Amino acid sequence: MVPARILAVAPLALVMLALSGCSALSLCTDTTAKRGKAAVRVQVEDTSGQRLGVTAEIVDWRLDSHPQVPSEGDKVHYHYRFDGADEMSGPGIDACAVDEERVALGCQTVYASEGRSERDGGLTGDDWLTVEHPEQVAGVLLIPNDQDYDRRSCAQDAKDGGGTHPPEPATVGDQL
């Protein structure tokens with residue numbers, strides 16, 4: 001028979017452990033946010049799907065040889081714009097060259113903070129995407145999920161980590 005004194009103290013001890021963050025009962029879980037719908041113009045969203053008040057868009061794109069490495073052939077040269085972003089720590093979203101079926105041919109993360117500040121408050125910039133078959137490129141799309149903030153995983157920090165993480169960055173062959 002377990003002494004009554006131990007039974008009386010056990011729940012209190014468990015509560016103290018839980019509040020200290022050391023509880024064996026606490027469960028750390030990692031989840032991944034659902035990838036948003038890719039488009040030429042998107043409202044950037046956080047991992048819970050809430051809009052951040054930032055709009056991003058592909059202003060234009062073309063196939064061209066990069067001036068520093070013309071021997072590598074055509075690449076996708078695109079111009080982008082962020083409105084409502086902080087130029088010091090704005091969001092980062094994936095930009096992907098796609099074919100007619102919206103299949104990704106090449107992707108990379110574009111950060112608002114890398115843009116140039118415009119008089120109207122927007123941040124603009126340009127970048128290059130390398131794709132295996134540039135002749136198949138039908139457009140450049142943005143994926144609205146902010147890739148810039150990713151909290152620590154449970155494996156990295158069982159006490160304070162976990163939660164919802166951005167979706168994996170888009171890769172070649174992904175249907176957007």
Side-chain angles (χ1 to χ4, degrees), residues 29-66 69 72-118 120-157 161-176:
T29 58
D30 288 308
T31 59
T32 302
K34 182 179 177 191
R35 181 181 290 163
K37 182 167 175 56
V40 172
R41 181 180 171 95
V42 298
Q43 294 288 325
V44 181
E45 54 191 51
D46 65 14
T47 55
S48 63
Q50 297 297 310
R51 291 183 174 172
L52 300 177
V54 176
T55 302
E57 90 178 283
I58 297 297
V59 178
D60 66 17
W61 69 273
R62 67 180 181 279
L63 294 177
D64 204 357
S65 59
H66 194 290
V69 284
E72 293 182 3
D74 282 345
K75 297 180 181 290
V76 181
H77 185 202
Y78 65 97
H79 292 83
Y80 60 87
R81 178 180 176 92
F82 285 89
D83 287 302
D86 177 350
E87 65 184 81
M88 299 305 289
S89 62
I93 60 175
D94 289 339
C96 297
V98 296
D99 67 12
E100 293 284 339
E101 312 279 313
R102 295 175 58 104
V103 173
L105 302 172
C107 299
Q108 65 188 27
T109 304
V110 180
Y111 295 92
S113 60
E114 293 175 357
R116 293 176 295 279
S117 184
E118 298 293 330
D120 65 2
L123 298 169
T124 62
D126 69 298
D127 214 334
W128 299 81
L129 273 166
T130 301
V131 297
E132 190 172 339
H133 298 286
E135 70 281 358
Q136 294 178 357
V137 176
V140 178
L141 301 177
L142 298 170
I143 300 172
N145 306 89
D146 184 6
Q147 296 287 341
D148 193 39
Y149 175 73
D150 192 8
R151 63 187 310 132
R152 297 172 61 82
S153 70
C154 292
Q156 295 167 318
D157 186 346
T164 306
H165 302 275
E168 289 296 317
T171 59
V172 173
D174 285 358
Q175 179 72 49
L176 303 180

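Just so you know, these numbers come straight off a predicted model, no measurement behind them. We're numbering straight along the sequence, starting at 1.
How far CG of Leu105 is from SG of Cys96: 9.0 Å, rounded to the nearest 0.5 Å. The distance from the OG1 atom of Thr124 to the CD atom of Glu57 is 11.0 Å, given to the nearest 0.5 Å. How far CD of Glu114 is from CG of Leu123: 11.0 Å, rounded to the nearest 0.5 Å. Atoms NE2 and CG, from His66 and Leu129 in turn, are 11.0 Å apart once rounded to the nearest 0.5 Å. In this structure, Asp127 CG and Tyr111 OH are separated by 11.5 Å, a value rounded to the nearest 0.5 Å. The CD atom of Gln108 sits 8.0 Å away from the OG1 atom of Thr130 when rounded to the nearest 0.5 Å.
Judged purely by distance below 3.5 Å, without hydrogens or angles, the side chains of Ser65 and Asp74 never pair a donor atom with an acceptor atom.
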_Residue pair Glu132, Val172: steps toward the side-chain contact (heavy atoms from CB on, under 4.5 Å) verdict_ = CA-CA 10 Å; Glu132 190 172 339; Val172 173; over 6 Å; no

*Go through the steps to decide whether Val76 and Leu63 satisfy the test side-chain contact (heavy atoms from CB on, under 4.5 Å), and finish with yes or no.*
CA-CA 5 Å; Val76 181; Leu63 294 177; 3.8 Å; yes

*Could you give me the CA-CA distance, side-chain angles and deciding distance for Ile58 and Val40, then say whether side-chain contact (heavy atoms from CB on, under 4.5 Å) is met?*
CA-CA 5 Å; Ile58 297 297; Val40 172; 4.1 Å; yes

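More than 12 heavy atoms of other residues, nucleotides or ligands shown are found within 6.0 angstrom of CD on Gln175. Within a 6.0 Å radius of CD in Glu101, no more than 12 heavy atoms belonging to other residues, nucleotides or ligands are found.
Looking only at distances, no side-chain donor or acceptor of Asp99 sits under 3.5 Å from a matching main-chain atom of Val137. Looking only at distances, a side-chain donor or acceptor of Asn145 sits under 3.5 Å from a matching main-chain atom of Lys34. Looking only at distances, a side-chain donor or acceptor of Arg102 sits under 3.5 Å from a matching main-chain atom of Ala38.
Between Phe82 and Ile93, the closest side-chain pair of non-hydrogen atoms falls below 4.5 Å. Side chains of Arg116 and Asp126 form a contact here, defined as non-hydrogen atoms less than 4.5 Å apart.
A salt bridge links Arg35 with Asp174: at least one charged nitrogen is closer than 4.0 Å to a carboxylate oxygen. Salt-bridge check for Asp60 with Arg62: failed, with every basic side-chain N at 4.0 Å or more from each acidic carboxylate O.
Every residue two or more places apart in sequence or in another chain was checked for a salt bridge (Lys or Arg N to Asp or Glu O under 4.0 Å) with Glu168, and none qualifies.
Of all non-hydrogen atoms in Trp128 and Tyr78, the two that sit nearest each other are N-CE2, 4.2 Å. Annotation for Val131 and Ala97: closest pair CG1-CB, 4.0 Å, computed over non-hydrogen atoms. Heavy-atom minimum distance, Pro144 versus Gln43: CB-O, 3.4 Å. Taking each heavy atom of Leu176 and Val98 in turn, the nearest pair found is CD1-CG1, 3.8 Å. Between Thr29 and Cys154 the shortest heavy-atom distance is N-SG, 3.2 Å. Minimum interatomic distance between Pro169 and Asp94 (heavy atoms only, all atoms of both residues): CA-OD2, 3.2 Å.
Classification of the His77-His79 ring pair by plane angle, with boundaries at 30° and 60°, yields tilted.
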